[in-house]
Amino acid sequence: MTLLEVSLVRRLAGTPELSPAERKELETKLKEREEFLIPIYHQVAVQFADLHDTPGRMQEKGVITDILDWKTSRTFFYWRLRRLLLEDLVKRKIHDANPELTDGQIQAMLRRWFVEVEGTVKAYLWDNNKDLVEWLEKQLTEEEGSRSVVGENIKYISRDYILKQIRSLIQANPEVAMDSIVHMTQHISATQRAEIVRILSTMDSPAST
């Protein structure tokens, strides 16, 4: 409120002896002043809000990654949703293979596998929802003769996790190590048993000079 408005309000409130005509004149001036200032205050308020909530400002602050065009927003969200669903499916497979992995670690793995398959030249396609959906679908569809990097890596993750669990159990319970070896040899082929014998024999042999 400016000094002019303050003066008008004080005269209205502090001068009870004003005649009806004078009071009406002051009220009219105050009303005119309000109508004059409202568009200005509105413009200031809009500009203040724009400093915080405009897409450009939000992108600048890293709150959003991109600004959508309304005409293509439906297509964007279609591919975005499909990507998230497929990513969630793959992440659950990886987490089942190794429950100790965090979501951040799994996400980093997926991105690394994508770059390994497509090459660093096409690494930028990771941010393209449609391209990533097609890549994930290809990885999840095990066609004859095709190689699924995701599927192979999940197998390695599962294998490493199981081996880690076995090592931890034997280290914590060394007395069952021999029983475990005997039990495992009962569930492998003769060729595999022969290979184990060969490995054990080389472990006890002195190094050749």
Side-chain angles (χ1 to χ4, degrees), residues 62-66 75-209:
V63 179
I64 59 176
T65 57
D66 201 1
T75 302
F76 171 85
F77 284 115
Y78 170 79
W79 289 110
R80 182 63 178 172
L81 179 59
R82 287 192 61 184
R83 171 184 180 154
L84 292 176
L85 291 173
L86 285 172
E87 279 187 343
D88 183 67
L89 176 61
V90 175
K91 285 179 179 180
R92 280 190 279 112
K93 289 178 179 290
I94 297 173
H95 191 264
D96 289 342
N98 185 349
E100 295 179 353
L101 294 173
T102 65
D103 186 75
Q105 290 172 323
I106 295 174
Q107 185 72 16
M109 282 181 180
L110 275 176
R111 183 163 192 158
R112 185 174 68 252
W113 298 344
F114 177 82
V115 175
E116 288 174 358
V117 174
E118 300 298 326
T120 54
V121 177
K122 293 184 178 180
Y124 70 94
L125 293 177
W126 173 263
D127 296 322
N128 187 298
N129 294 317
K130 183 175 183 293
D131 288 328
L132 194 68
V133 165
E134 294 173 351
W135 183 79
L136 287 172
E137 287 181 335
K138 182 179 179 181
Q139 292 297 315
L140 292 172
T141 305
E142 297 184 0
E143 298 178 354
E144 185 177 354
S146 64
R147 175 173 174 264
S148 172
V149 173
V150 171
E152 290 179 1
N153 281 319
I154 290 176
K155 290 178 182 178
Y156 290 136
I157 290 172
S158 178
R159 176 180 177 274
D160 290 343
Y161 178 72
I162 293 172
L163 288 174
K164 179 182 177 182
Q165 296 298 106
I166 293 173
R167 285 194 297 267
S168 297
L169 289 171
I170 293 176
Q171 288 173 358
N173 305 276
E175 68 278 3
V176 302
M178 183 59 68
D179 293 335
S180 300
I181 293 174
V182 172
H183 177 74
M184 286 186 288
T185 55
Q186 293 174 346
H187 294 80
I188 59 178
S189 65
T191 302
Q192 291 172 323
R193 284 196 294 271
E195 180 65 15
I196 291 176
V197 171
R198 185 190 67 79
I199 294 173
L200 291 174
S201 63
T202 58
M203 290 173 64
D204 294 333
S205 300
S208 58
T209 57

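On a predicted model such as this, the values are computed, not experimentally measured, just so you know.
- Using a 4.5 Å heavy-atom threshold, the side chains of K91 and Q107 count as touching.
- Using a 4.5 Å heavy-atom threshold, the side chains of E195 and T191 count as separate.
- Pairs engaging residues 77-113 under the ring pair (Phe, Tyr, Trp, His ring centres under 6.0 Å) rule: none recorded [sequence neighbours left out].
- Rounded to the nearest 0.5 angstrom, T75 OG1 and R80 CZ are separated by 15.0 Å.
- Applying side-chain contact (heavy atoms from CB on, under 4.5 Å) to K93 and the options L140, V150, I106 leaves one that passes, L140.
- The closest donor-acceptor contact from the side chain of T185 to the backbone of V182 lies under 3.5 Å.
- Ion pairing between a basic and an acidic side chain is recognised when a charged N comes within 4.0 Å of a carboxylate O; D88 and R92 show such pairing.
- Between the CZ atom in R82 and the CG atom in N129 there is a gap of 11.0 Å [rounded to 0.5 Å].
- In this structure, the side chain of N128 engages the main chain of K130 through a donor-acceptor pair within 3.5 Å.
- Atom CG of residue L81 and atom CG of residue L86 lie 9.5 Å apart, to the nearest 0.5 angstrom.
- Atom NZ in K164 sits 7.0 Å away from atom CG in N98 (nearest 0.5 Å).
- Counting heavy atoms from C-beta outward, D127 and T65 have side chains that stay 4.5 Å or more apart.
- Pairs passing the ring pair (Phe, Tyr, Trp, His ring centres under 6.0 Å) check and including a residue from residues 177-203, sequence neighbours excluded, read H183-H187.
- Considering CE of M184 and CD1 of I196, their distance stands at 7.5 Å, rounded to 0.5 Å.
- The heavy-atom pair separating I157 from A97 by the smallest distance is CG2-CB, 4.0 Å.
- For the atom pair E134 CD and L132 CG, the distance stands at 10.0 Å (nearest 0.5 Å).
- Side-chain atoms of L101 and M109, non-hydrogen and from C-beta on, do get closer than 4.5 Å to each other.
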*Should L125 and F114 be marked as a side-chain contact (heavy atoms from CB on, under 4.5 Å) after you check the CA-CA gap, both sets of side-chain angles, and the distance that decides it?*
CA-CA 9 Å; L125 293 177; F114 177 82; 3.8 Å; yes
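- Looking at heavy atoms from C-beta onward, V117 lies in side-chain contact with W135 at the 4.5 angstrom threshold.
- Here the closest non-hydrogen pair linking R193 and I188 is NH1-O, 2.8 Å.
- Residues Q139 and V149 form a side-chain contact, since some pair of their non-hydrogen atoms from C-beta on lies under 4.5 Å apart.
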